[in-house]
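Source: prediction; values computed, not measured. Side-chain atoms are counted along with the backbone in the values below, which use heavy atoms only and exclude waters and symmetry mates. Just so you know, ligand 1 is whichever comes first in the structure, and atom 1 is the first atom listed for that ligand.
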Amino acid sequence: MFPGPQIERLQIERIPVLSDNYIFLLYDPARQIMAVVDPAEATPVLARAQQLGAELVAIFNTHHHHDHVGGNREILQQFPQAVVYAGAEDRGRIPGQQVFLETGDRVLFGSREAEVFFIPGHTRGHIAYYFPPIATDEAGQLSGDLSGDLFCGDTIFSGGCGRLREGTPAQMVDSIGRLRSLPDNTRIWCAHEYTLSNLQFSLTVEPGNAALMQRFEQVKAMRSRQEPTVPTTMAIEKATNPFLRWDQPGVIAAIGKDTPARTFGKLRGKKDLFRG
Ligand code: ZN
Ligand code: FE
């Protein structure tokens, strides 16, 4: 008897680099392969690949900024067969890009498949990769991993969002709106450790938000112990991140009632001026 196709839990590792970036490694021990999301630098990625004895088969880039693609070339020198994925709108801006992704495209890693979301706003070519939770088997048993994993680059941050470098508030609110409808237990792997300073701003917007105050205290304690606050979850962000709350009473009270795009734009404008 042959076993059915084995679907495995994603093993995700986080490598802190530069001043506040995270590189994420996906590792499939059954196949001895790995992939990397937004390699700002090559050295720690190659070191880990060597340690694991794994072949790096894919680079998943979210957008073209140097702190997300800076390691592409050097990784490709070591693993020339690795496939470089990024958004179709980033054509010409991603070193080594071979696959040009759009919303609804699917990318494979080992036994798992990620859905692609085109989420312009931070940049005009930004995409996210979403690995849905492992589904039930034929017997209806939940196997393995009950949370999905979202790699969203510089779009949603814990407690904040990316600056609108190339996009409009209308694009960003639409992009975040689509991500926000993913399940509450989705893990959000954002590319920077900005949580503490983001929450300082969030508290000026919603000083009466109890979940936010609690999260702030928790994050302060975690950072004082040098612990990462990433991944966060969609539930946490929906409760505490004003950039997912443009339609919530607390944020409307602070910013004024307007269209989602204009409320979001005003909020982002305030954050741009904020010095914690
Ligand atoms: Zn960026
Ligand atoms: Fe970045």
**Student:** Answer yes if the ring centres of H122 and H65 are under 6.0 angstrom apart, and no otherwise.
**Tutor:**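 Yes, they do, as the ring centres are separated by less than 6.0 Å.
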
**Student:** Consider ring pair (Phe, Tyr, Trp, His ring centres under 6.0 Å). Of F60, Y22, F24, which one does F151 pass it with?
**Tutor:**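 Of the listed options, the one satisfying the test is F24.
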
**Student:** If the cut-off is 2.8 Å, does any N/O/S atom of H192 fall short of it from the Fe ion (ligand 2)?
**Tutor:**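 It does; at least one qualifying atom falls short of 2.8 Å.
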
**Student:** Over 60° means perpendicular and under 30° means parallel, so tell me whether F157 and Y194 are parallel, tilted or perpendicular.
**Tutor:**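 Plane angle over 60°, so perpendicular.
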
**Student:** Who else is in L52's hydrophobic cluster (ILVMFWY, side-chain heavy atoms under 4.5 Å, direct or via others)?
**Tutor:**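 Same cluster as L52: I15, V17, L18, I23, L25, Y27, M34, V36, V45, L46, L56, I59, V69, I75, L76, F79, V84, I94.
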
**Student:** If you consider just the N/O/S atoms, which atom of H122 is the closest one to the Zn ion (ligand 1)?
**Tutor:**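 Atom name returned: NE2.
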
**Student:** What angle sits at the Fe ion (ligand 2) between OD2 of D154 and NE2 of H68, to 10°?
**Tutor:**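 H68 NE2 and D154 OD2 form an angle of 90° at the Fe ion (ligand 2).
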
**Student:** At less than 2.8 Å, would any N/O/S atom of D67, backbone or side chain, sit next to the Fe ion (ligand 2)?
**Tutor:**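 Within the cut-off used here (under 2.8 Å), D67 does place an N, O or S atom near the Fe ion (ligand 2).
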
**Student:** For the Zn ion (ligand 1), give me the closest N/O/S atom belonging to D154, just the atom name.
**Tutor:**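 The atom in question is OD2.
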
**Student:** Could you identify the N, O or S atom of H65 positioned closest to the Zn ion (ligand 1)?
**Tutor:**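 Per the distance ranking, H65 contributes ND1 as its closest N/O/S atom to the Zn ion (ligand 1).
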
**Student:** Verify the distance test for H68 against the Zn ion (ligand 1): any N/O/S atom under 2.8 Å, yes or no.
**Tutor:**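 No.
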
**Student:** Run H63 and D38 through side chain to side chain donor-acceptor pair (under 3.5 Å) and show every step you take.
**Tutor:** CA-CA 8 Å; H63 67 292; D38 283 351; 4.6 Å; no

**Student:** Hey, are N61 and H68 close enough side-chain-wise for a donor-acceptor pair under 3.5 Å?
**Tutor:**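 No, because no side-chain N or O of H68 sits under 3.5 Å from a partner of the opposite role on N61.
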
